[in-house]
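Everything numeric in this text was worked out from a predicted model, so none of it was measured.
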Amino acid sequence: MTQLALVIDLNVCVGCHACVTSCKEWNTSGSAGPLCDENPYDLNPTGTFFNRVQTFEIGKYPHSETLHFPKSCLHCEDPPCVPVCPTGASYKREEDGIVLVDYDKCIGCKYCTWACPYGAREFDEKAKVMKKCTLCVDRIYDMSLPERDRKPSCVKACPTSARMFGDIHDPESDVSQAIREDGGYALMPEWGTHPSNHYLPRRKTKLKIHLDELERADNPLKVDGQLPKPGKGESSMEDASAW
Amino acid sequence: MKPAFSVLFLTTLIGAGQGLFLALFTHQSYALFGLLPMQSDAFYGYGSVLALLFLSGGLIASFFHLGRPERAWRSATKWRTSWLSREVIVLPAFMGVVFLYGASHLLAFRPEVVTLPGGLIIDLSAVLGTLGTLLAFALFVCTAMIYACLRFLREWNSPLTVINYILLGGSSGFILAAFYAAQAAPDQADFFAGWAIIITVLAFIGRGASLWRNARIKPKSSMQTAIGIKHPYITQRSMGSMGGSFNTREYFHGKSAAFLRAIKPAFLLLAFVIPLVLLALGLSAPALLGVAFIVQYFGLLAERWFFFAQANHPQNLYYQTIG
């Protein structure tokens, strides 16, 4: 069975919010109708988004790091939001594992948001129905698009390629390999929701240089005992003439 | 969680309606076995009308919770998995049975259904009353399980939630029944007031137990599991929006911590202590029973407000600082 998902590499996310704006742009322009915005140019602008980038400070200054954390629906393999829906508007697709809301069936009771521990769903105050990330379901199967564009909007927009998209049930897919080989993890594993979206941890690239690498142990000058003159620490003509 | 007034009114009004119906049929059952004098059909009939008024009030309130009330009929479809769907089915079913129970009394249409070996005649109203009693309890369970089944909301995820919905609704309904009886059948008021005192004391114990439990809950999720970073110090610097979002409105009660602290003793006083005192006094001064019901109703609204406000959703971990 296919389970489409995103893998987000926190090591390369720079927190530019390109995924947020491209997601909003794509999903507010589709056939499902706009994602509402209220007071867009006013004091407290607010609206419905499928994707947010949050920022966290890890540690205490001066030993702290900034973490940018993109957050959207995780398309859980065992989604707690689906069984609680009284109308069946929330459902998980058998064929690709995407969790969707049927906007024509939703009664706007908001019960599904209570059942989601991640706060991934956002109510549309104008359409009066619940909305959430669709993994750009209207885009990834659109045969009129060239194949390289059949990816979620956020994935296409990411300038650092921090977002990967694919089938996490296919062990050979890029996303499965990334999860397997780069330590992909799920959020709040304690609730047993088995999120499909995974995050790759931040990794420090460190270069360890040993002392014998600074000074060549097999320097031929050392082999025949003829060390360069002047020796290390000895005064040289340059020292005497420098002034 | 944000307490929605539609849900506060829904749960408290139908609780009172269910409790009142249970009280009426409890009395009829006692009378059936000769433990109490059987009252007139009008007493049970108009009592059912009163219960129906409360249930209808709750049903109307529930529609204000929906973004798309015109599609409400769809919510009866997923009863296999959703407690909310089950409630949507059981509430009208219960109202229908209460209506039939009241009608069978008011129209004096009570044909004999079966005669028990002791010569006890079970008529149609007794059958409908039994069915209504089962549905009243089923409705309490459905309403409470909507909250108790959410494992992320640890303050709700407890059998105490179900017990308290039954006891609080029962307390409210029996006090209402005592007040009703004081007007319609004054010599029976003590029976209802006595049961009301017992149920209110039990509800006080049940709610106290859940307060005690909730004060000691250790959250399962932490900042570390929320973003998957193992570090003791994690501070949010930005939640990704400046003007708030659905996530900052739906999951916070929006009042100060001092208000939350103040509402707890207030509801304990209004929903339990004062009604108990008034019930005790009401045994000799029936007018106080009406005051007891009204005071307790406000207490129950405050109790329900606190029930929602106290529940801390794990998603709040992601929404701590605007930035």
Worksheet item: Given side chains that start at C-beta, do those of B:Arg68 and A:Cys106 come closer than 4.5 Å, heavy atoms only?
Response: no
Side chains of A:Tyr185 and B:Ile227, heavy atoms from C-beta outward: is any pair under 4.5 Å?
no
So do the side chains of B:Gln320 and A:Phe56 get within less than 4.5 Å of each other, counting heavy atoms only? no
Bottom line for A:Leu43: the part with an atom under 4.5 Å from chain B's heavy atoms is neither
When the 4.5 angstrom heavy-atom criterion is applied to B:His313 and chain A, the contacting part is side chain
- request: Just do the side chain to side chain donor-acceptor pair (under 3.5 Å) check on B:Ser221 and A:Glu190 with the steps written out, would you?
  value: CA-CA 7 Å; B:Ser221 292; A:Glu190 62 272 21; 2.5 Å; yes
B:Arg74 and A:Asp104 have their tightest heavy-atom pair at NE-O, 3.9 Å
- prompt: Should the heavy atoms of other residues, nucleotides or ligands under 6.0 Å from NZ of B:Lys2 be counted, would the total exceed 12?
  reply: no
Applying a strict 4.5 Å limit to non-hydrogen atoms, the region of B:Arg249 in contact with chain A is side chain
CD (A:Glu94) with more than 12 external heavy atoms under 6.0 Å
no
Applying a strict 4.5 Å limit to non-hydrogen atoms, the region of A:His17 in contact with chain B is side chain
- Query: How are the rings of B:Phe152 and A:Trp191 set relative to one another: parallel (under 30°), tilted (30 to 60°) or perpendicular (over 60°)?
  - Reply: perpendicular
If one checks every heavy atom of B:Ala76 against chain A at 4.5 Å, the contacting part turns out to be backbone
Bottom line for A:Pro201: the part with an atom under 4.5 Å from chain B's heavy atoms is neither
*Should we count OH of A:Tyr141 as having more than 12 external heavy atoms under 6.0 Å?*
yes
Under 4.5 Å to a heavy atom of chain A? For B:Ala226 that would be both
If one checks every heavy atom of A:Val129 against chain B at 4.5 Å, the contacting part turns out to be side chain
Would you mind reporting whether A:Glu57 and B:Tyr233 have side-chain heavy atoms less than 4.5 Å apart?
no
Under 4.5 Å to a heavy atom of chain B? For A:Cys109 that would be both
Considering residues, nucleotides and ligands other than B:Lys78, do more than 12 of their heavy atoms fall under 6.0 Å from its NZ? no
Okay, A:Glu65 and chain B: the region with an atom under 4.5 Å from a heavy atom over there is neither
- Message: Are the side chains of A:Phe123 and B:Glu250 in contact, using a 4.5 Å heavy-atom criterion?
- Response: no
So, the part of B:Leu153 with a heavy atom under 4.5 Å from chain A: the answer is side chain
Q) Taking side chain as C-beta onward, heavy atoms only, is A:Arg52 less than 4.5 Å from B:Ser241? A) yes
Bottom line for B:Leu150: the part with an atom under 4.5 Å from chain A's heavy atoms is side chain
Exercise for review: Find out whether A:Leu67 and B:Ile229 are in side-chain contact, i.e. whether some heavy atom of one side chain is under 4.5 Å from a heavy atom of the other.
Suggested key: yes
(message) Does A:Asp174, at its CG atom, have more than 12 non-hydrogen atoms belonging to other residues, nucleotides or ligands within less than 6.0 Å?
(response) no
Under 4.5 Å to a heavy atom of chain B? For A:Arg121 that would be backbone
Scanning both residues in full, the closest heavy-atom pair of B:Tyr251 with A:Thr113 reads OH-O, 2.9 Å
